[in-house]
Amino acid sequence: MKSYNYTITDKTISNIIDFDFFRNNKNVLIQIFCGQGKNTLESITKNILKELPQGICIGSTTDGEINNHKVQTNSTIITISVFNETKVEITYSQNESSFKRGSEIANTLIKSNTKLLILFTDSLNTNAEEFLKGIEAINNKVMVCGGMAGDNGEFTNTYISCQDKIFNNAAVAVSLSSDCLSVQNDYRFNWSDIGIEHVITEVKDNRVYEINGTKVLDFYKKYLGEDIQNTLPQSATSFPLLLRKNNEYYARALVKIDEDGSFKYSGNLNNGDRVKFGFGNAEMILKYPIIPNEKDYSNTESFFIYSCMARRRYVQDMIQAENQAYANITNTSGMFTYGEFYHEKGKNKLLNQALTVVALSENDKSEKNNLIQESTLRKTNNEARTIQTLTHLIEQSSKDHDEQSNHLEIEKINSQMLVTSQKIFLRHAVHETNTPISVIMSNIELFEMEYGKNHYLSTIEVALKNIFNIYDDLSYLVKKDQVEYPKNSIDLVDYTRSRIEFFEQSAKQIGSQIKFFSDQDTLHFDFNETKLQRIIDNNLTNAIKYTEENSNIYITLKKELNAYALIISSCSQYIKYPEKIFKEYYREETTSEGFGLGLSLVKRICNEENIEISIDSNEYYTSFRYLFKMENK
């Protein structure tokens, strides 16, 4: 076989191509890579088939064209391949189901000696992944190549051709069947992941609605900038979503934004898929050797390249280095696509951001070789070196970020284990503490009933009531997430008196009395008794603990317009920073003890129940005011 490339200019096509050279050949494959739109593709197709009616002609609009080492845009490249003993056949499918398009083409074209299918589809209507699955369902042995049509980054209309027919919603295919045709394929990816993983949370096939629980447009604006919505989908081509499957990354490029707000990708995604943004690794794209050392292309007679538009747009003129590596061996042609088709180990794959290449030969005795002119390819300019350096910086920073994220994840797990252990310890401690406290309190009461008041036991009783308050705080903290605290009708006047009686003996120990005033005989409202006890008990405990000896503690209840006010005042030390007093473990500079965990718990309950708190403190007294709103009634 042998291939010939032609760049179509303003001249008539007959002045560019010597059709007489091909008229006597039977097995002629014509590929048209058209960067000039539908009308040009249609016109050139008709002119070629008029001159070579025996030719099998397949075409596609593109995002760039390849003619040996040259990369062109907005041009048309025609590749005519002449085979000696290989039969060339063509077909198309417009079935509404992308899967059935693939199965129909496979059923029509694949024979026992078929070696290769060259496939072109439109980009905006065909689900290419389903299309490839349809072919694989019929035959998973035959190699596939080709790609999805482009339209110079406009993402409005892409076209393909089968003989003289032009489509914008179909799949076309050529089969190469032969006993002597040798076919090899390879691909280069060179796109690296960056940033954290994201989760696909709403998707249907290749149409994504939500990522991380947010609308997909908002997701892109968050990570790629607010302005990106004005240029989508073009602006997202260099930053595909990378999906990891079987320890391998697959890119999914955005090709269309539907009217319902969903983003349409070249291939399928599933709910729960974890993806990362990708960026072009210029350091790897420009890395040598471009052709792996283990690849032997010495007998190759033609290369067909189907490469991603993002590669060309990302490294621009430097992309020619990739094509030149193959063009130095033999004739090379192809196009830049919106998605590339590849076959490996019985699987058809839809790739994005990749270069795919197919090597063909009917002659095992070819003396061509695959020596690459390293000196030519290594001539990188300052722009190339800058991109390589920047890419290296991004990649290394991303690796550092991943390592730190992994470290933080381990620390998070360890912290969660510590918190869980702490909760278990507190739960057991609270449970085990209840019994001895109850026993001690009961025995004090029994002793006093039999022998009367005892100074030493009274002191023990006061200390024990403080322990009871701490126990009740811990019990509430342990149970608050597991236990419901329903509201009941409570007389705030009567309940406050009961808590004063409980702490009265503690106040007397420091020579204080608890003075209670209420402007109402009863104040009924709906509240939870456990939560109310934590508020009153902690404030009374702190007032007793911090008030000056032989000074009184005052508790006042008032009915206001739409609320009940509970005010607890004492001659306590001046609080310099009232806004900090409810923080856990906070200590005022003028005291070595502080208000501790109790007030933090009080603040949490007040937030939950919409209770307003205010503190009035000076060098003479400190007052805590709690406003219970009538809506709780």
Which heavy atom of N348 sits nearest to which heavy atom of V144, and what is that distance? OD1-CG2, 3.6 Å

Apply side chain to side chain contact (heavy atoms under 4.5 Å, CB included) to residues V28 and V88 and explain how you reach the verdict. CA-CA 7 Å; V28 178; V88 184; over 6 Å; no

Show your reasoning for whether side chain to side chain donor-acceptor pair (under 3.5 Å) applies to T126 and R101. CA-CA 9 Å; T126 300; R101 288 181 186 181; 2.6 Å; yes

Decide if the gap between the ring center of H69 and the ring center of Y326 is smaller than 6.0 angstrom. no

Run the side chain to side chain donor-acceptor pair (under 3.5 Å) check on S97 and N95 step by step: do they pass? CA-CA 5 Å; S97 163; N95 196 297; 4.7 Å; no

Roughly how far, to the nearest 0.5 Å, is CD of E202 from OG1 of T214? 11.0 Å

Rounded to the nearest 0.5 Å, what separates atom OG1 in T337 from atom CG in N352? 7.5 Å

Going by side chain to side chain donor-acceptor pair (under 3.5 Å), name the pairs with one or both residues in residues 153-164, residues two or more places apart or in two chains. D151-T156

Is it true that a side-chain atom of D186 and a backbone atom of V357 form a donor plus acceptor pair closer than 3.5 Å? no

Would the number of heavy atoms belonging to other residues, nucleotides or ligands and lying under 6.0 Å from NZ of K46 be above 12? no

Yes or no on side chain to side chain contact (heavy atoms under 4.5 Å, CB included) for I200 and Y209, after CA distance, side-chain angles and deciding distance? CA-CA 9 Å; I200 305 296; Y209 293 88; over 6 Å; no

Return the CG to CG distance between L360 and L176, rounded to the nearest 0.5 Å. 6.5 Å

Shortest non-hydrogen separation from N206 to N268 and the atoms involved: N-OD1, 3.4 Å

Side chains of E65 and S75: is there a donor and an acceptor less than 3.5 Å apart? yes

Once you round to the nearest 0.5 Å, how far does NZ of K264 lie from CZ of F155? 13.0 Å

Considering all heavy atoms of both residues, which atom of G64 and which atom of N152 are nearest to each other, and what is their separation? N-OD1, 4.5 Å

Does any donor atom in the side chain of Y92 or K165 lie under 3.5 Å from an acceptor atom in the other side chain? no

Where do S302 and N331 land on the side chain to side chain donor-acceptor pair (under 3.5 Å) test, with the steps shown first? CA-CA 5 Å; S302 290; N331 188 81; 4.9 Å; no

Check this for me, if you would: do K215 and E210 make a salt bridge, where the nitrogen-to-carboxylate-oxygen distance has to be below 4.0 angstrom? no

Inspect the surroundings of CG in D227 and state if more than 12 heavy atoms from other residues, nucleotides or ligands are less than 6.0 Å away. no

Please find out if less than 6.0 Å separates the ring center of Y297 from that of F303. yes

Minimum side-chain heavy-atom gap F131-T121 below 4.5 Å: yes

Is a side-chain donor or acceptor of R311 paired with a backbone partner of F189 at a separation under 3.5 angstrom? yes

Just distance, no hydrogens or angles: give the donor-acceptor pairs under 3.5 Å from side chains in residues 33-41, sequence neighbours left out.
from	atom 1	to	atom 2	distance (Å)
Q36	OE1	T76	OG1	2.6
T40	OG1	Q36	O	3.3

Under the ring-ring contact (aromatic ring centres under 6.0 Å, His included) test, residues paired with Y220 that sit two or more places apart: F263, F277

Close side-chain approach of I118 and L29, heavy atoms under 4.5 Å: yes

Within a strict 4.5 Å, meaning less than it, do heavy atoms of the L350 and M148 side chains meet? yes

If only atom types and distance count, is the side chain of N127 paired as donor or acceptor with the main-chain N or O of E129 below 3.5 Å? yes

Okay, side chain of N47, backbone of I44: is any donor-acceptor separation there less than 3.5 Å? no

Quick one: does S123's side chain have a donor or acceptor within less than 3.5 Å of a partner on A149's backbone? yes

Determine, stepwise, if the pair L117 / I110 fulfils side chain to side chain contact (heavy atoms under 4.5 Å, CB included). CA-CA 8 Å; L117 291 181; I110 295 178; 4.0 Å; yes

Heavy atoms, side chains only, cut-off 4.5 Å: are I78 and I48 in contact? yes

Evaluation steps, side chain to side chain donor-acceptor pair (under 3.5 Å), between T330 and E301: CA-CA 6 Å; T330 191; E301 294 175 310; over 6 Å; no

Looking at every non-hydrogen atom in both residues, tell me the closest pair between S178 and T86 and how far apart they are. CB-OG1, 3.2 Å

Is there a donor-acceptor pair closer than 3.5 Å between any side-chain N or O of N125 and the backbone N or O of N168? yes

Looking at D63 and G153, would you say the former's side chain and the latter's main chain have a donor-acceptor pair under 3.5 Å? yes

Which residue pairs pass the side chain to side chain donor-acceptor pair (under 3.5 Å) test with at least one member in residues 107-120, sequence neighbours excluded? E89-K111, T114-S177

Can you confirm whether more than 12 heavy atoms, excluding those of E259, are under 6.0 Å from its CD atom? no

Using the test salt bridge (charged side-chain N to carboxylate O under 4.0 Å, His left out), find all partners of E42 that sit at least two apart in sequence or belong to another chain. none

Taking salt bridge (charged side-chain N to carboxylate O under 4.0 Å, His left out) as the test, write out the residues that go with R207, two or more places apart. D258, D260

On a heavy-atom basis, which atom in L232 and which in A236 lie closest, and how many Å separate them? CD2-CB, 3.7 Å

So, does E340 use its side chain to make a donor-acceptor pair with the main chain of G147 at under 3.5 Å? no

Under the 3.5 angstrom rule, does the side chain of N185 hit a backbone N or O of H343 as a donor-acceptor pair? yes

Within this structure, what is the CD-CG distance for the pair Q353 and L242, rounded to the nearest 0.5 Å? 8.0 Å

Correct closest heavy-atom pair for Q94 and A170 would be CG-CB, 3.7 Å

Do E104 and S93 have a side chain donor and acceptor closer than 3.5 Å? yes

Please determine whether side chain to side chain contact (heavy atoms under 4.5 Å, CB included) holds for the pair Y265 and V255, giving the CA-CA distance in whole Å, both sets of side-chain angles, and the decisive distance to 0.1 Å. CA-CA 5 Å; Y265 292 83; V255 295; 5.8 Å; no

Does the distance from a Lys or Arg side-chain N to an Asp or Glu carboxylate O, for E197 and K276, drop under 4.0 Å? no

Give a yes or no on whether the backbone of T332 and the side-chain of N5 come within a donor-acceptor separation of less than 3.5 Å. yes

Could you go through E136 and K133, starting from their C-alpha distance and side-chain angles, then the distance that decides it, and tell me whether this counts as salt bridge (Lys or Arg N to Asp or Glu O under 4.0 Å)? CA-CA 5 Å; E136 188 181 307; K133 286 179 181 178; over 6 Å; no

Below 4.5 Å, heavy atoms only, C-beta onward: do T91 and V172 meet side chain to side chain? no

Supply the atom-to-atom distance S262 OG to K256 NZ, rounded to the nearest 0.5 angstrom. 9.0 Å

Would you please say whether a donor-acceptor pair under 3.5 Å links the side chains of N363 and S361? no

